[in-house]
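Taking it in order: structure first as structure tokens, then the write-up.
Per chain, numbering begins at 1; letters A, B, ... match sequence-line order.
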Amino acid sequence: MKGIQQIIRRAALIGGLLAAGTHQAAAQAPQPSLEQLDQKVRILERKLEIQEEEAARKKLENPALTAGKDGFALTSADKAFQLKLRGYVQADGRFFLSDDDEKATDSFLLRRVRPIWEGKLYNDFDFRIMPDFGNGSTVLQDAYLGYTASPAAKLRAGKFKPPFGLERLQSGTDTLFIERAHPTSLGPNRDVGLQLGGDVMGSTVNYAVGVFNGVTDGGSGDGDSNDGKDVVGRVFVTPFKNSDIAALSGLSLGLAASAGDQQGTTTVPGLPAFRSIGQQSFYTYKTSTNAADAVIADGSRVRVSPQAVYYYRAFGLLAEYAQSSQDVTKGARSDTLDNDALLVELSYVLTGEEATYKGVTPAHPFDPKGGTWGAFEVALRYSELNVDDDAFPTYADAKKSAKGTQTVGVGLNWYLNRNLKAQVNVDNSTFDGGAADGDRDDEQALFTRLQISF
Amino acid sequence: MNRVLWLLLSAMLMLPAAYAGQKELTLLNVSYDPTRELYEEVNAAFIQDWAAKTGQAIKINQSHGGSGKQARSVIDGLEADVVTLALAYDIDALHEKANLIPKGWQQRLPDNSAPYTSTIVFVVRKGNPRHIQDWDDLVQPGLSVITPNPKTSGGARWNYLAAWAYGLEMFGGDEARVREFLTKIFKNVPVLDSGARGSTTTFVQRGIGDVLISWENEAFLIRKEFGDDYEIVVPSLSILAEPPVTVVDKVVDRRGTRQVAEAYLNFLYTPQGQEIAARNFYRPRLESVAAKYKSQFTDVKLITIDDVFGGWQKAQQTHFADGGVFDQIFVR
């Protein structure tokens with residue numbers, strides 16, 4: 001029926017064209033033949049057909065609202081503008097074994113509840129806003145805007161992670177273990193400042209350098225309490241990234257450092273406290289409202305952190321060392337205290353997927369009806385933190401604060417799909433000192449996590 | 001308590017090993033326009049071959065379109081395990097724009113990763129009423145020439161470059177005259193489809209045009225399907241088209257399909273794969289198969305992209321980049 005209609009339509013068109021030709025003077029010879037007119041009509045029809053196909057294709061290129069495993073996004077047709085809604089929730093369980101005197105509390109908690117708004121404007125400008133409602137409080141974790149002049153030159157201003165700690169720079173959704181290890185306690189968490197960074201030399205070298213307010217080791221800040229600023233920089237090299245040597249393409253080596261002058265006060269001492277893997281405080285500086293007895297930051301703070309990762313197929317290795325040297329004062333006495341920390345962690349994806357710094361994407365997402373269960377990964381780590389011996393007894397009380405801690409942990413990660421992850425960790429930590437009668441009790445922490453991220 | 005905990009952990013570690021790999025594997029082959037029939041046959045044979053060797057069931061999905069468009073889709077996120085496109089330039093883009101494959105991808109498989117070749121011929125209507133024998137016959141006034149858009153179609157770029165090579169020979173390398181020659185040919189092109197299969201539709205199903213510039217394999221398919229209504233004319237000079245293939249490293253490593261994807265491409269080089277290619281009118285690389293199908297393919301003088309145009313990168317930049325020669329000669 002459609003074919004007949006088409007023939008009738010074509011005949012009418014040809015008739016019209018012929019009629020038009022007849023009306024024109026015979027002087028306008030030669031007149032097109034019926035065959036030529038038929039071709040012209042066919043060409044017009046085909047062009048219309050192609051235009052319709054093209055219009056249908058372009059319709060797909062109109063501003064697109066997408067929803068999927070990568071989150072929800074509104075993107076302009078030319079992709080120059082985009083607004084993404086992402087986020088993640090981590091529901092944790094914390095249980096302390098052999099904790100008969102119940103110094104640590106077994107609990108369920110919402111560790112992180114973070115909606116994320118991010119996007120780009122005019123292709124080259126980007127932004128990100130990420131509050132955190134976890135732990136029963138509201139904190140603005142990230143709020144920054146960026147400008148990408150080229151892949152080698154990206155500017156960022158606002159509050160974000162300064163380029164220092166390897167494990168800290170890894171997203172909280174991708175860490176191998178539920179809680180980060182000790183080197184993270186010696187670097188900045190989030191700070192406000194300005195950063196220039198990018199990828200150079202065929203993306204084999206990533207660099208970042210910035211000026212920040214300066215926060216205590218492991219700390220975050222929204223403002224500043226003194227005029228001193230920290231300069232933070234990091235170079236991260238993936239030398240075989242573009243080579244055909246598959247066994248080396250996942251090797252990266254880095255060096256990060258920060259330097260600045262920080263001045264504390266009796267109310268804001270500018271010094272950190274250290275927590276165990278089980279998130280229990282095991283080291284604090286002495287505090288006092290009396291200026292002569294208060295321990296405060298007083299001058300230079302220099303941090304350095306060599307770091308490395310290696311991923312090959314299902315195997316992963318992440319290693320990080322950090323040292324933080326801080327000038328401190330108590331009354332008339334001043335010292336430079338050198339604290340350091342180490343982490344070595346290994347992982348292996350049992351189901352064969354590729355291990356990466358950004359986690360594991362299961363080849364076969366969880367689908368019991370289809371007989372697939374996602375990806376499973378096992379992990380092992382050793383980490384330690386050592387406080388400078390000179391901290392005792394002037395700046396810290398050895399009966400309350402441990403001189404160091406050593407942690408051995410094992411973990412199992414279950415990636416149900418790209419958005420859901422379950423983790424269980426067991427970490428055993430020992431301490432040097434920190435108790436009235438010698439060493440603080442060992443900490444055996446069983447942590448669990450259910451995580452959804454999109 | 002600790003013993004119970006370790007037992008629980010051990011049990012959890014055992015579970016994934018027991019259940020891993022039970023689901024049917026899938027591969028996506030993103031290819032260019034006229035390879036539908038070829039890969040339908042290849043896929044069926046490889047699925048059998050793989051099952052016989054490994055006992056594993058797989059499913060292979062196909063996607064077809066203009067070669068350049070297909071490459072852009074993969075760059076934009078289409079999860080192709082393998083790409084089998086019309087020309088190396090389109091695959092190079094996967095490295096340059098998205099780093100999905102390494103730079104030296106073309107050296108990973110024999111014959112520049114092109115397991116079969118083809119060339120460009122003419123398809124004319126029964127009896128060849130416009131007496132088309134060679135490229136210079138395409139410039140005659142009033143002729144209607146069907147070829148797809150070189151901006152989007154790999155096949156169209158081969159068509160264009162074959163005509164250019166002929167022009168270079170005809171005019172002794174005088175590029176101004178070659179440009180004029182191409183201008184006249186494209187003045188005779190009434191419709192630009194986005195892909196080679198679209199042009200076949202225009203010529204065969206919509207009945208438009210006097211001659212279709214076509215992949216050789218596509219021309220044979222037209223003959224096979226529509227019989228004597230069409231004739232194939234082989235010009236005196238054409239171009240050696242080498243459609244290459246590669247695994248998409250980032251995708252296969254993420255999906256855990258590298259082993260089967262590599263086996264799939266290697267299968268194309270086996271006697272069985274080469275037979276299938278020849279049956280689908282692609283020129284096989286394997287000498288024994290090429291000898292068997294020798295009578296199927298007409299001998300024709302074939303120039304190469306490297307010899308005449310200095311490789312795809314240069315050819316693309318000169319002729320098909322925005323503002324290039326094609327944009328200058330094809331003005332509507």
For this session: Under 4.5 Å heavy-atom distance to chain A, tell me which part of B/D210 shows up: side chain, backbone, both or neither.
Result: neither
For this session: Starting from the C-alpha separation in whole Å, work towards a yes-or-no answer on side chain to side chain contact (heavy atoms under 4.5 Å, CB included) for A/R42 and B/T202.
Result: CA-CA 9 Å; A/R42 285 171 187 265; B/T202 297; over 6 Å; no
Problem set entry | Residues of residues 247-259 of chain B within contact distance of chain A, non-hydrogen under 4.5 Å | B/D253, B/R254, B/R255
Problem set entry | Derivation and outcome, side chain to side chain contact (heavy atoms under 4.5 Å, CB included), residues B/I208 and A/E45 | CA-CA 10 Å; B/I208 298 169; A/E45 284 182 346; over 6 Å; no
Problem set entry | Results of side chain to side chain donor-acceptor pair (under 3.5 Å) for B/E231 - residues two or more places apart only | none
Seminar exercise, completed: Residue set satisfying side chain to side chain donor-acceptor pair (under 3.5 Å) with A/S203, at least two apart, ordered chain then number -> none
Problem set entry | Whether B/R206 side chain and A/I43 backbone form a donor-acceptor pair below 3.5 Å | no
Exercise. With sequence neighbours excluded, what pairs up with B/T200 under the side chain to side chain donor-acceptor pair (under 3.5 Å) test?
Worked result: B/E218
For this session: Verify the neighbour count for atom CD of B/Q205: are there more than 12 heavy atoms of other residues, nucleotides or ligands below 6.0 Å?
Result: yes
Exercise. Which region of A/E49, side chain (C-beta onward) or backbone (N, CA, C, O), has a non-hydrogen atom less than 4.5 Å from a non-hydrogen atom of chain B, or is it both or neither?
Worked result: side chain
Problem set entry | B/E225 atom CD, over 12 foreign heavy atoms within 6.0 Å | no
For this session: Decide, yes or no, whether a salt bridge links B/R108 with A/D244 under the criterion of side-chain N to carboxylate O below 4.0 Å.
Result: no
Exercise. How many angstroms lie between atom CG of B/L192 and atom NZ of A/K47, to the nearest 0.5 angstrom?
Worked result: 8.5 Å
Exercise. Distance from A/Q36 atom CD to B/S144 atom OG, nearest 0.5 Å?
Worked result: 11.0 Å
